[in-house]
Structure formats: structure tokens, C-alpha cells
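Reminder, nothing fancy here: chain letters follow the sequence lines and each chain counts from 1.
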Amino acid sequence: DAGVIQSPRHEVTEMGQEVTLRCKPISGHNSLFWYRQTMMRGLELLIYFNNNVPIDDSGMPEDRFSAKMPNASFSTLKIQPSEPRDSAVYFCASSLEDQGYEQFFGPGTRLTVL
Amino acid sequence: AQKVTQAQTEISVVEKEDVTLDCVYETRDTTYYLFWYKQPPSGELVFLIRRNSFDEQNEISGRYSWNFQKSTSSFNFTITASQVVDSAVYFCALSEAEDTGFQKLVFGTGTRLLVSP
């Protein structure tokens with residue numbers, strides 16, 4: 001079975017540009033999570049969806065960040081405009097309630113904002 | 001509020017040594033899950049184990065073992081006869097039933113394990 005798929009794996013952009021990160025969860029999973037990992041702040045949950053509905057976006061740093069899940073097999077995290085302090089690794093994870101709530105993580109997208 | 005503390009920032013051992021990674025958690029919920037994840041140098045996060053709050057049995061999987069003690073709010077992870085491939089950052093995490101229905105994982109800051117030959 002394919003795991004969580006994220007694209008791109010690496011993204012280098014300039015300050016002020018729009019960045020879109022993509023995620024395809026494991027087929028059949030009904031929860032999807034976006035995390036950010038930095039040296040300073042560790043692993044932070046940004047937002048999570050359950051059955052495509054955003055449940056908790058309290059971790060989204062500011063209005064420049066937005067996330068969507070138009071269907072069960074696709075989600076995006078958008079940063080507009082991007083800033084150097086957004087540089088981090090962004091992980092997407094998915095889980096299925098009936099399988100013990102463990103979250104399976106994608107390989108991450110390493111974002112560098114110059 | 002839920003919190004996970006991994007006091008050991010970095011541990012260095014020589015191959016074949018046993019090593020224990022500590023995890024202490026805080027929660028007011030009586031129903032919760034505890035997890036361990038491994039993040040090797042390649043960067044992905046790999047699920048290792050899940051434990052629910054009603055199951056205090058220790059678990060062994062090959063060279064890995066986990067000791068869950070509710071009395072001390074600890075969920076420690078031991079690697080026996082460590083190998084170079086065990087070098088990674090290990091994260092302990094907690095999810096509660098209340099409010100989030102186990103959906104939100106709160107991670108500790110991680111322990112970097114370096115196993116040298």
C-alpha cells in the first residue's frame with residue numbers, strides 16, 4: 001500500500017511568493033494532519049481535518065497560512081505571502097480512528113524561503 | 001493541559017550497549033494514548049508503538065521494549081544491544097480522549113540517539 005504522499009519534497013522560494021504544499025493521505029484514512037518541524041519549536045500541529053472538515057486550526061501561525069481538503073484523497077497547505085521564518089519541514093499525516101489513532105507520516109516537504 | 005517531556009536531548013552510546021530513552025507525560029484525562037516515533041537521518045517519521053492508558057503491560061518487540069508506568073507518568077523506551085542503524089531522533093507523543101477524541105498528538109522535543117561503531 002502506498003503511504004502518505006507529499007509534494008514537492010523540496011521547495012525553495014523567495015520571500016513574498018505563494019507556496020502550495022500538497023498531500024495525498026493513505027486511502028481509507030479519515031483524518032489528515034499538517035505539522036511543521038523546526039529546530040526552535042520542534043513538531044507543531046498546524047491543522048487537522050476529519051472527514052474532510054477542518055476540526056482544529058488553532059496551530060496555524062497566522063492568516064498567511066491556509067489549508068483545504070476538497071476531497072478525501074487530497075489536501076493543500078498554502079502560504080501567501082511566504083516569509084523566511086516559514087522555512088521548515090512540513091509534514092502531512094493521516095490516520096483512521098478504527099485503527100488505533102496512530103498517525104502515519106509522509107516524507108515531508110522541506111521549504112526554504114529566501 | 002497535556003505535556004510530554006523528554007529530558008534527554010542527546011545520548012551517545014557505543015554499539016551493543018543498552019540505552020533507555022525517558023518520556024514523562026502530563027494529562028488530566030484518564031483515557032489517553034502514548035506513542036513513540038523514530039525519525040532517522042533521512043527525515044521521515046516512523047511509528048513504533050501505541051499504548052493506551054488502560055494497558056500497563058510492558059511490551060517487547062525484538063531489541064525494543066517499552067515500560068509504561070502510570071504511577072510515575074512515564075513511558076520509557078529501551079533499545080537492547082544498540083546498533084548504528086538505531087541512530088535517530090526518537091519522539092514520545094500523547095493524545096487524549098477529552099476534547100480531541102485522540103486526534104491531536106502532542107510531541108515531546110525528542111531525544112537524539114547516536115550509536116557509534
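Rounding to the nearest 0.5 Å gives a distance of 11.0 Å between OG1 of B:T109 and CE of A:M39. With rounding to the nearest 0.5 angstrom, the NZ atom of B:K104 is 4.0 Å from the CG atom of A:D56.
A 4.5 Å side-chain heavy-atom check between B:Q39 and A:F91 finds at least one atom pair inside the cut-off. A:L43 is not listed as a side-chain neighbour of B:L105, based on a closest heavy-atom distance of 4.5 Å or more.
Linking Ile, Leu, Val, Met, Phe, Trp and Tyr residues whenever their side-chain heavy atoms come within less than 4.5 Å places B:L113 and B:L48 in a single cluster. A single hydrophobic cluster is seen to contain both A:Y35 and A:I55, as judged by linkage of ILVMFWY side chains at heavy-atom distances under 4.5 Å, directly or through other members. Both B:W36 and B:I11 are part of a single hydrophobic cluster, where members link through side-chain heavy atoms under 4.5 Å apart.
By the side-chain hydrogen bond (donor to acceptor under 3.5 Å, both in side chains) test, B:S12 is found to be paired with no residue, residues two or more places apart in sequence or in another chain being considered. Under the ring-ring contact (aromatic ring centres under 6.0 Å, His included) criterion, B:Y90 pairs with B:F77, sequence neighbours left out.
Within 6.0 Å of NZ on B:K3 lie no more than 12 heavy atoms contributed by other residues, nucleotides or ligands.
Closest of all the heavy-atom pairs between B:Y37 and A:Q103 is OH-O, 2.7 Å.
Contact count versus chain B (heavy atoms, under 4.5 Å) is highest, among A:P107, A:G108, A:S31, for A:S31.
Only the side chain of A:Q37 comes within contact range of chain B, with at least one heavy atom under 4.5 Å from a heavy atom of that chain.
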